[in-house]
Protein chains: 2
Amino acid sequence: MPSVTIHDVAERAGVSIKTVSRVLNKEPNVKPETRDRVLAAAEALRYRPSVSARSLAGSRSYLIALFYDNPSPAYVSDVQRGVVTTCRETGYHLVVEPFDSAGADAADLVRATIATLRPDGVILTPPVCDRRQILDAVDETRAPYVRIAPDGLIDRAPYVWMDDKQAAYEMTGHLLKLGHRDIGFIMGHPEHGAGHLRFEGFAQAMQDQGCPVRPERVKQGYFSFRSGFDCAEELLAPKDRPTAIFASNDDMALGVLAVAHRHGLTVPTDLSVAGFDDTPAASTVSPQLTTVRQPILEMAQAAAEMLIAGECELQPGEKPPSRLLPFDIILRESTAPPRG
Amino acid sequence: MPSVTIHDVAERAGVSIKTVSRVLNKEPNVKPETRDRVLAAAEALRYRPSVSARSLAGSRSYLIALFYDNPSPAYVSDVQRGVVTTCRETGYHLVVEPFDSAGADAADLVRATIATLRPDGVILTPPVCDRRQILDAVDETRAPYVRIAPDGLIDRAPYVWMDDKQAAYEMTGHLLKLGHRDIGFIMGHPEHGAGHLRFEGFAQAMQDQGCPVRPERVKQGYFSFRSGFDCAEELLAPKDRPTAIFASNDDMALGVLAVAHRHGLTVPTDLSVAGFDDTPAASTVSPQLTTVRQPILEMAQAAAEMLIAGECELQPGEKPPSRLLPFDIILRESTAPPRG
DNA sequence: CTTCAGCTTGACAGCGCTGTCAACGCCCAT
DNA sequence: ATGGGCGTTGACAGCGCTGTCAAGCTGAAG
């Protein structure tokens, strides 16, 4: 391969390869003039250090590994873009490992991948970041890792997150401020922690405004369009129905929209609907959905930053760091004051 | 790091590291008994060769790089899963590089990434695989690469594809067989080649059945929901309207559905609608969309196979290989015989 | 003018593996 | 018996870089 090596740069700059290495790694104690010569030579030769050589010789691999298991493609896509954005600034690269995190050999795959790649950091998204077996496997390799939006196990390892409860609180507040008093809520999958937090936020907001949360107004969904549809059917069929419905995610909110439509209810005039996640569909449907935007990209960026900065190489007993990122309440067409 | 090296395995098996290397790389001329001893030792030690060391010492990096620029998340997700599936069987890993392929520094990014990573293969998806600048950049690095569903430049480099024209031909045939004679067509983005091919397939099918393609029935869309919506508006507003509409992709077909709905038309009774791509939304909406499923995952798998098998390391003048994969026509609820 | 700290630089030894090449032993043909 | 071919194995030299360590130099302090 006709590739240019550090040697070529050293020769052209009239210094030793070690000095080139110093300059490229921004090590201190290099005379500015020397630095400039080296930089010029590297530039002229379009020199790019080999990741393999660096990782073999040094203590960094310039690789971040992302393990994920089938969250929505849009979610994964955002995560990847976020991570890569950060990586670009620092010469890092992202290796992706989609896999079945519930499979029998999931932990082995994680161990094997980390062992061969020796990434400087590992990123885990839900639901991978909530599986003990996987966390154990990663721990075993001693590779630094961050979890994105983990559901509990807060003290165990570093993570980045957004405040689901607060977001649900504020969204409910929005509905309340609009004048709604009778609000239906569709819960998320019982095994998914965020679902629970969102309900808590809802309940808290209602309580703070002196609005009772009527049990028959709260339905158990599963984050799917279908479950949203079914819950909405139960909520909207009776004569006595809520003036607004807050679904724990957009897919279910879409189900609510469908049911409202079937029942001849106009959204938002007859019924306000709020979702959560700001999925692409949320702004495609008509009326466009009022929802909560999760800072997915930002969380991913933050995760990569923490890893690359070395913030996740913990001493035993050290408290794992974490970062909280702000969400956005996206007001669109599906919410309005109640009729009358 | 307390990681086990090839040395440890060699010691445990009582052979030289070279022999371990032979066994792991499935080189010939190793006594079966020796092979077994080595394998047992490697197994016992849970040995995993270091990708960096292998790539530095040998001629393979065990890395595949995927460059992509914002096709839909679902598309990218499928591509990645396909590639990774193949990678897993052979100890390869996938590095992803989302980027702005139209940016001024796009080619540089490609060059730099390939130079530092030295991947054994590069995969390019639309629209990246259609940009001359990018192809030139990859060529320059002499890294083997495959394009997924490229739009032309057929002789230039290896690729995998599906027959868009034939698929559109067959889908149109389906509509025709149902009894439709007056079919509207919504074209894709003019700069996206698949769009053109799909139109050709449509036109060909119409012609073969002696159905004239009326110019006012063909609208220029841009693959977006919005553009589909607008085109459908033009198609459906007049009294004289087609009995079926074939949109070049699902997003636009969804737009058609929305317009039909606004106009009080029932799909498929009053209007048949066909899409292309089989996006997730296609089976979520009501009525579910009749569409064409692209073998995205399979194309990605094939691409990785070609790369790993070395089929893409071409001699100058050698004809680039390609693989054609079969699509599926997915018949769902949105198409039916025309009224009366 | 000497001393020593501190800045700047380079020599050198690997990192963990593969490619090359040579050595060894075996079996068959002569 | 002898030579040649080939299956099997290991020694060894790097791959392109970083970490270590020491040398050379400078300038300030004594």
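Each chain gets a letter, A, B and so on, in the order the sequences are listed, and its residues count up from 1.
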Report the end-to-end axis angle of the helix from C/dC1-D/dG30 to C/dT30-D/dA1; each axis comes from five terminal pairs, and the value is rounded to 10°.
50°

Polar side-chain atom of A/Ser322 near backbone of A/Pro158 as donor-acceptor pair, under 3.5 Å:
no

Measure the distance from [atom1] on [X] to [atom2] on [N] and round it to the nearest whole Å.
| X | N | atom1 | atom2 | answer |
| --- | --- | --- | --- | --- |
| B/Glu27 | D/dT9 | CD | C1' | 12 Å |
| A/Arg118 | C/dC15 | CZ | C1' | 10 Å |
| A/His7 | D/dT18 | NE2 | P | 14 Å |
| A/Ile17 | D/dG14 | CD1 | P | 14 Å |
| A/Leu24 | D/dG19 | CG | P | 13 Å |
| A/Leu117 | C/dC17 | CG | P | 14 Å |
| A/Asn25 | D/dT20 | CG | C1' | 15 Å |
| B/Lys18 | C/dG19 | NZ | P | 6 Å |

Using side chain to side chain contact (heavy atoms under 4.5 Å, CB included) as the criterion, list what pairs up with [X], not counting sequence neighbours.
| X | result |
| --- | --- |
| B/Gln133 | none |
| A/Val96 | A/Leu66, A/Tyr68, A/Gln80, A/Leu94, A/Pro98, B/Gln80, B/Leu94, B/Val96 |
| B/Pro144 | B/Leu307, B/Cys312, B/Glu313 |

Suppose we screen for side-chain hydrogen bond (donor to acceptor under 3.5 Å, both in side chains). Which residues come up paired with [X], at least two apart in sequence or across chains?
| X | result |
| --- | --- |
| A/Asp69 | A/Ser101 |
| B/Thr125 | none |
| B/Glu305 | B/Arg323 |
| B/Tyr159 | none |

Below 4.5 Å, heavy atoms only, C-beta onward: do B/Phe67 and B/Ile134 meet side chain to side chain?
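B/Phe67 does not reach B/Ile134 side chain to side chain.
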
Once side chain to side chain donor-acceptor pair (under 3.5 Å) is applied, what residue pairs with a partner in residues 4-14 of chain A remain, sequence neighbours excluded?
none

Specify the residues of residues 43-57 of chain B, ordered by number, for which at least one heavy atom lies under 4.0 angstrom from an atom of DNA chain D.
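Within residues 43-57 of chain B, the residues near DNA chain D are B/Leu56, B/Ala57.
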
Does B/Ser59 make a side-chain N or O approach to OP1 or OP2 of C/dG19 shorter than 4.0 Å?
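So the side-chain polar atoms of B/Ser59 do come within 4.0 Å of the phosphate oxygens OP1 or OP2 of C/dG19, strictly under.
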
Applying salt bridge (Lys or Arg N to Asp or Glu O under 4.0 Å) as the test, list every pair that has at least one member in residues 92-110 of chain B; sequence neighbours left out.
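Checked against salt bridge (Lys or Arg N to Asp or Glu O under 4.0 Å) - neighbours excluded - the pairs reaching residues 92-110 of chain B are A/Arg46-B/Asp108, A/Arg88-B/Glu97, B/Asp108-B/Arg111.
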
Can you check nucleotides 4-9 of chain C for protein contacts, nitrogen or oxygen pairs under 3.5 Å, and list what you find?
| from | atom 1 | to | atom 2 | distance (Å) |
| --- | --- | --- | --- | --- |
| C/dT9 | OP1 | A/Thr34 | OG1 | 2.5 |
| C/dT9 | OP2 | A/Lys31 | N | 3.0 |
| C/dT9 | O4 | A/Arg22 | NH2 | 3.3 |

